[in-house]
Amino acid sequence: ILMAKADMDTLQLACIQVAIALLLLTQAKSTTEDTSALHPNGTITSCIAGERSALLAFRAGLSDPGNILSSWKGDDCCRWKGVYCSNRTGHVVKLDLGGPDHYGGCDEGRQMLAGNISSSLLGLQHLRYLDLHCNGFDKIQIPEFIGSLHQLRYLDLSSLLFIGKIPPQLGNLSNLQYLNLDNSYICPFCTYSKDITWLSRLTSLEQLDMTYVNLSTIVHWVPVVNMLPTLKVLRLPFCELGSSPDSLLLSNLTSLETLDLSENNFHKSSRPNWFWDVSSLKHLNISANDFYGLFPDEIGNMTSIVELGLSNNNFVGMIPSSMKNLCNLELLGFPFNNINGSIQELFNRLPSCSQNKLQWLDASNCSLTGSLPTTPVDSIINLSHLQLRNNRLGGHVPVWLGELTNLAMLDLSSNNLDGVMHEGHFSRLEKLYTLDLSDNSIAITVSPTWVPPFSLREIYLRSCQLGPKFPVWLRWQKQVRALDISNTSINDMVPDWLWFAASSAGFLNLRDNQIKGVLPSTMEFMHAQEMDFSSNQLGGPIPKLPLNLIGLDLSRNNIVGPLPSDFGAPWLETLVLYDNMISGGIPSSLCKLRSLQLLDLSGNNLNGSITDCVVNESGTDMTSLSIINLSFRNNSLSGEFPSLLQKCPQLIFLDLGLNQFSGALPAWIGEKLLSLSFLRLRSNMFYGHIPVKLTKLVNLQYLDLAYNNISGSIPRSIGNCTGMRQARGNSDNLRYALNTFFQLGENKLVDYTENLTVLMKGQERLYTGEIIYMVNLDLSCNSLTGEIPEEISTLIELKNLNLSWNSFNGKIPENVGALMQVESLDLSHNDLSGEIPSSLSALTSLSRLNLSYNNLKGKIPAGNQLQTLEDPTSIYIGNPGLCGPPLSQNCSSKPEQIPGEYHGVAIDDVVSFFLALGSGFVMGLWVVFCTFLFKRRWRAAWYSLCDSLYDWVYVQVAVTWTSLRGKNNG
Ligand SMILES: *[C@@H]1O[C@H](CO)[C@@H](O)[C@H](O)[C@H]1NC(C)=O
Ligand SMILES: *[C@@H]1O[C@H](CO)[C@@H](O)[C@H](O)[C@H]1NC(C)=O
Ligand SMILES: *[C@@H]1O[C@H](CO)[C@@H](O)[C@H](O)[C@H]1NC(C)=O
């Protein structure tokens, strides 16, 4: 400019020069002023004082046990962790304090921020990005003031402990593009909204996630989201939504690509539905909504669709043939619907495009029929993931499956597939990761020298035919995480290499085979968390266990030797060793298993008394154990009722039956074992009274003291046992205590159901998981005396009441008919007198009744169930005072009697009966009476004999009397 104005006079020139100089000077000055905030690369990052104090006030409201905000000191708040300032203005624009993520949830093990969210955040008015997810803030409502942070573009409040109403003030955030209120991980359904019209004001919104926010009262939610024309991602799973309109007349949702409406309650016909018409959709998930009707043809119009999730609905019939057009489809899942059609037809309707993209197909639990096609199908040739479990597929597995080179997961479990699979079926499955063929009749027959092309991580072959030789190909599977070869007809020695090949497996199931050999001494170097070797022929002692082991089932083997003095698995929760030949005492090493919840040592040769474990290694008193379910049944253990159990406050199930325990029942059972629900002490030598405190156990629903020498009377407070008055078999606690399942994927690992025999209805009955529904009071074969307390008739959930073979006297409780659930009632062999209460005929569930051998008199009540019981006379036998049907005695006058006869009892039995009777007199009468209960035929013999004797005497008397009268009359 200056050169162009060369003709200007010098004054003008000077003026301009001065002006320019001044201008430059000011610029220079302002630059110098900002230099303090300049980083070498020339950006401004120093923080603004007001915002710094806002951040400090925000921090003051928090507690920070993990010291996450340790960098929040010094002047420059822009360098603090999680704080980001604008390069241009210096304002704090981003606060990223999201907690640690872990597989889509929050990693609770790691430290989080807690405390309160201070409204001082309002000092950050330029905030565009706020992420607080996965922290442990106090349970509060989402603060309303967040709606005043008008610049916010991004707001992530997911997985926090927010509760209550979502503030409609959030609708003021008109710049918001991303809003995440997902509650799923930390506090499902803790927040709600009863009116979501505020959402419609978020006109810039692109992504919305309200997973697990309770929106159950909202009917017209679709018109609201339809006001958001820029919406791309909408996630509303688990929102209790109940309505979904058939169509949107004018759809604004032209950008919508992802729609997740899974796990709501729409319960409506599959069509029409508005979302089938949203042609921009790439990802649609409507799983678990109870949609019913045919798979809609409209699916074929969704040409952009990439992922389609339709599982857990009631779609019926074949998928529409229009799906052939879905050339972008990569993932298709519709398990748990009812296709009820042929698998070949299904394959023919899958997309068949020039370039086949389908990678993932899950058609499990769909009632698919027919057999897999014998020639390759184009539509599935690129699959990496094929799940067809739990259908009705039959026939052979075709060899061409071995050509699916991308296949990583093949699940054909729980079908009716049969035939042989050989090397060819796996020839090119180099990428195979998971193979699940469980529960078919498939035989896998390969050469012992075969080296598979794959290195599997998960192998599930339960109930396939692999044996009788141990499958050698497993030797090459060295990265296995889960191996299930249970019930595979293996009848062989366990090979040494197994313990190396499977050493990295977390889950190992070999149960139900005939595997022989011993557990290796190197077992402690394995990585298993769960091992199930039950029902085999493994011998030898129990070695030191893998460090990480949580569950071990060795039941029904030939394990010998003592229990280890060091289990080596400090986190063990389940230890199931029943039906082996383990001998020796109960070692104190058991007391070190502080996490142990289930211990079943029943059916072994253990002896001695149970150690006290009062003192641990360091000599200090130990705290309590975690045990919930404990069974020592059927060993030779002795000593008093184990005082160790005082340290087991969580005990729910205790079985000491069939041992030689003796002494009195301690009163502390009722004080220390407050969760106890099942107590089985049958067949021991306990004596003394039933402690009154035992009736403090409100959860007690199963009390079996039979075959001991308990004396005294039944405490009247027995009525306090709420567990016998209220059904609680469904309680999760009980389920957990008695059925401990470890699961890896859907494959059961240690499937332990308490096997318990209950002597009921006169025969041994094996209760498995059903035991939790059993309500039982069995005091039979003791020396109890006194009256049966009337309170017993308040225990209305009782299914079995057995007080037989005692010395109870007095009357049968008048209100016994209140025990409506009772299936078996045995009061026989006591000294009960008086009449049978007529309420007895109200017992409609009754299938076994025994009142024999008492002193009951009067008329037998009639009606209902009593009429249908088997062998009616034996119920009342041995009560000479009873009369009326089913007995032949008439209540008004004595009728004629026909002498009884021996009811087909073999002479052997009569002889052994008399032998038993003889020894019985020596041993004490009750012993033989109990023997009778063991031996049904003896018992029958005894009854018949007594019948016959009685009848014979009666007839003799009657005949003599008649003849005397006849003589007199004559
Ligand atoms: C500027 O410098 C700061 C601090 O040295 C650094 O953290 C930042 O990444 C730099 N920015 C650019 C754009 O290089
Ligand atoms: C601010 O700096 C960051 C890096 O520190 C850079 O990525 C970003 O593009 C910069 N923003 C502007 C507006 O210059
Ligand atoms: C579409 O969105 C705009 C802007 O939010 C709104 O005004 C209009 O009512 C919407 N249309 C329908 C049919 O809801």
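Numbering of ligands and ligand atoms starts at 1, following listing order.
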Checklist entry - Measuring from Leu261:CG to Trp221:CH2, what's the distance to the nearest 0.5 Å? => result 4.5 Å
Item to check | Lys268/Asp246 salt bridge by N-O under 4.0 Å criterion | outcome: yes
Taking a 3.5 Å cut-off between nitrogen or oxygen atoms, can you list every pair linking ligand 3 to the protein, with distances?
| unit_1 | atom_1 | unit_2 | atom_2 | d |
| --- | --- | --- | --- | --- |
| ligand 3 | 2 (O) | Asn252 | ND2 | 2.1 |
| ligand 3 | 5 (O) | Met227 | O | 2.7 |
| ligand 3 | 11 (N) | Asn252 | ND2 | 2.9 |
| ligand 3 | 14 (O) | Asn226 | ND2 | 3.4 |

Next on the checklist: Whether the Arg201 and Asn172 side chains hold a donor-acceptor pair (N or O, under 3.5 Å, no angle test) is what I'd like checked.
Outcome noted: yes
Checklist entry - Can a donor-acceptor pair be found between the side chains of Asn406 and Ser384 at a distance below 3.5 Å? => result no
Next on the checklist: Tell me every residue that passes ring pair (Phe, Tyr, Trp, His ring centres under 6.0 Å) with His385, counting only those two or more places apart in sequence or in another chain.
Outcome noted: Trp360
Checklist entry - Would the SG atoms of Cys47 and Cys78 measure under 2.5 Å apart? => result no
